[in-house]
Amino acid sequence: MTLSGKVALVTGGSRGIGRGIADALADEGASIVIAARGQEALDQAVGELEERGMRALGLRTDVTDAEQVKALRRQAIEAFGKVDILVNNAGASYIAPLLMAKDDRWWEVVEINLKSTYLCTKTFLRDMVRAKSGRVINISSISGQLGAAFNSCYAASKAAVDGFTRSAALEVAKSGVTVNAVCPGYVRTDLAQQTMGARAKMFGMESADAYLDKLESEVPRQQLATPEEVASAVAYLASPAAAAITGQTLNVCGGLALG
């Protein structure tokens with residue numbers, strides 16, 4: 001229970017990787033605040049955490065909206081008194097050839113992946129610096145390092161998240177606050193099913209699962225990462241054991257980033 005007494009806020013924490021992170025941090029003793037846009041999934045995630053005896057709060061929030069993010073901070077502090085750990089997990093993807101991409105959809109992905117990370121970090125970081133303690137963990141992607149054909153908005157936004165992570169870490173390094181990024185490779189989630197379904201259609205494959213199976217064969221360990229494996233990396237970075245780690249990007253990709 002390395003996070004006993006801590007409060008963790010996870011954006012996009014009602015499903016997929018975010019849900020795995022919320023569960024993992026709760027298992028380590030943290031109280032959990034989940035911010036997400038979908039009320040039904042939010043209620044289900046919070047309900048299941050509470051059934052397990054965890055302290056949890058769900059707040060419907062659009063984390064690309066500055067005023068809603070400020071309200072998120074107020075409500076989280078009203079409920080639990082503080083936020084020690086911020087996990088910027090909310091994300092989106094858009095499969096389209098660059099020359100055919102719709103501008104509004106391209107920039108929407110950048111807003112969800114990058115602007116939300118900026119807004120939430122800026123909003124919650126001040127309290128952490130004052131407390132001389134805190135963890136900011138951004139969920140990035142190896143796509144930000146390797147690029148991603150037909151998904152340029154996603155790769156570009158995640159590369160920007162990596163640069164933002166290093167910059168923020170340098171600014172607060174003396175304060176006791178760490179800022180790191182976890183970079184998954186391919187993970188079987190609802191978002192991956194949606195993304196790979198679009199890719200499968202583009203390349204004439206029968207299904208998202210068929211495309212994911214193809215990708216799995218390209219991973220050196222011959223196995224896709226799970227949300228739980230990504231969550232374990234986040235839980236470690238959130239723990240006291242990771243106090244000396246900041247400004248880093250931790251790949252959870254089964255060796256895929258090695259090329």
Side-chain angles (χ1 to χ4, degrees), residues 8-13 15-18 20-22 25 35-37 61-66 68-69 72 83 85-95 98 101 105-125 128 134-173 177-187 189 191-192 195 225 227 229-231 233-238 242 245-253 256-257:
L9 189 149
V10 185
T11 70
R15 62 181 68 194
I17 291 173
I21 292 168
L25 298 180
R37 290 190 292 186
T61 309
D62 177 354
V63 287
T64 68
D65 183 291
Q68 291 193 42
V69 172
L72 174 65
V83 172
I85 301 158
L86 169 66
V87 183
N88 288 308
N89 169 76
S93 182
Y94 170 47
I95 301 299
L98 179 58
R105 288 284 290 112
W106 202 96
W107 285 109
E108 179 185 15
V109 170
V110 174
E111 284 217 337
I112 294 171
N113 294 348
L114 178 60
K115 183 180 179 182
S116 68
T117 298
Y118 160 73
L119 288 176
C120 290
T121 302
K122 183 179 181 182
T123 299
F124 287 91
L125 190 60
M128 295 181 186
R135 299 283 188 269
V136 177
I137 303 166
N138 301 321
I139 306 305
S140 185
S141 169
I142 62 165
S143 294
Q145 303 165 36
L146 305 180
F150 310 109
N151 203 359
S152 58
C153 52
Y154 185 79
S157 62
K158 293 302 187 179
V161 166
D162 291 348
F164 176 81
T165 297
R166 290 187 288 271
S167 301
L170 287 169
E171 288 194 26
V172 300
V177 180
T178 67
V179 186
N180 292 289
V182 172
C183 303
Y186 303 120
V187 184
T189 63
L191 179 60
T195 301
E229 287 168 333
V230 177
V234 173
Y236 169 66
L237 290 174
I245 301 173
T246 195
Q248 303 303 305
T249 51
L250 177 57
N251 294 338
V252 183
C253 64
L256 189 62

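If you're wondering where the values come from, they're calculated on a predicted model, not measured in any experiment. Just so it is clear, the values below take in all heavy atoms, side chains as well, and ignore hydrogens, waters and symmetry mates.
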Between V87 and L9, does a side chain to side chain contact (heavy atoms under 4.5 Å, CB included) hold up when you go through it step by step? CA-CA 6 Å; V87 183; L9 189 149; over 6 Å; no
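- Considering only residues two or more places apart in sequence or on other chains, N138 meets the side chain to side chain donor-acceptor pair (under 3.5 Å) condition with N88, T165.
- The distance from atom CD1 of I245 to atom OH of Y236, rounded to the nearest 0.5 Å, is 3.5 Å.
- Side-chain contact of N180 with T249: a donor-acceptor pair under 3.5 Å is absent, judged by distance alone.
- Summarising the geometry of K158 relative to S141, their closest heavy-atom pair is CG-CB, 3.8 Å, with the distance given to 0.1 Å.
- Atom OG1 in T11 sits 9.0 Å away from atom CG in L72 (nearest 0.5 Å).
- By the side chain to side chain donor-acceptor pair (under 3.5 Å) test, D65 is found to be paired with no residue, residues two or more places apart in sequence or in another chain being considered.
- Between S157 and N113, the closest heavy-atom pair is OG-ND2, 3.0 Å.
- Residues G20 and A231 come closest through the heavy atom pair O-CB, 3.3 Å.
- Taking OG1 of T64 as the start and CG of L114 as the end, the distance is 11.5 Å to the nearest 0.5 Å.
- Contact annotation: the side chain of C153 never approaches that of W107 to less than 4.5 Å [non-hydrogen atoms, C-beta and beyond].
- A distance of 10.0 Å separates SG in C253 from OH in Y186, rounded to the nearest 0.5 Å.
- The two residues A257 and N251 make their nearest non-hydrogen contact at CB-ND2, 3.7 Å.
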Could you give me the CA-CA distance, side-chain angles and deciding distance for V179 and F164, then say whether side chain to side chain contact (heavy atoms under 4.5 Å, CB included) is met? CA-CA 9 Å; V179 186; F164 176 81; 5.8 Å; no
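- A pairwise comparison of heavy atoms in L119 and A66 identifies CD1-N, 3.8 Å as the closest pair.
- With rounding to the nearest 0.5 Å, the separation of OH in Y94 from CD1 in I112 is 13.0 Å.
- In terms of the side chain to side chain donor-acceptor pair (under 3.5 Å) criterion, Q68 has no residue partners (sequence neighbours excluded).
- Side-chain contact check for T189 versus P227: some heavy-atom pair is nearer than 4.5 Å.
- Interatomic distance, CD of Q248 versus CD1 of I137, reported as 13.0 Å (0.5 Å rounding).
- Each salt bridge (Lys or Arg N to Asp or Glu O under 4.0 Å) pair with one or both residues in residues 111-125, not counting sequence neighbours, appears once here: E111-K115.
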Could you walk me through whether I139 and V234 pass the side chain to side chain contact (heavy atoms under 4.5 Å, CB included) check? CA-CA 9 Å; I139 306 305; V234 173; 3.7 Å; yes
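- Annotation: side chain of S93 is in contact with side chain of N151 (closest heavy-atom distance under 4.5 Å).
- S140 and D162 share a donor-acceptor pair across their side chains, judged by distance under 3.5 Å alone.
- For the ring-ring contact (aromatic ring centres under 6.0 Å, His included) test, residues two or more places apart in sequence or in another chain that qualify with F150 are F203.
- For the side chain to side chain donor-acceptor pair (under 3.5 Å) test, no residue two or more places apart in sequence or in another chain qualifies with T61.
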Applying side chain to side chain contact (heavy atoms under 4.5 Å, CB included) to T178 and V136, what does each step give before you reach the verdict? CA-CA 6 Å; T178 67; V136 177; over 6 Å; no
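- Side-chain contact between R135 and L237: absent, with no pair of heavy atoms (C-beta onward) separated by less than 4.5 Å.
- Residues D62 and V69 approach most closely at O-CG2, 4.4 Å, considering heavy atoms.
- Between L86 and M128, some side-chain heavy-atom pair lies under the 4.5 Å cut-off.
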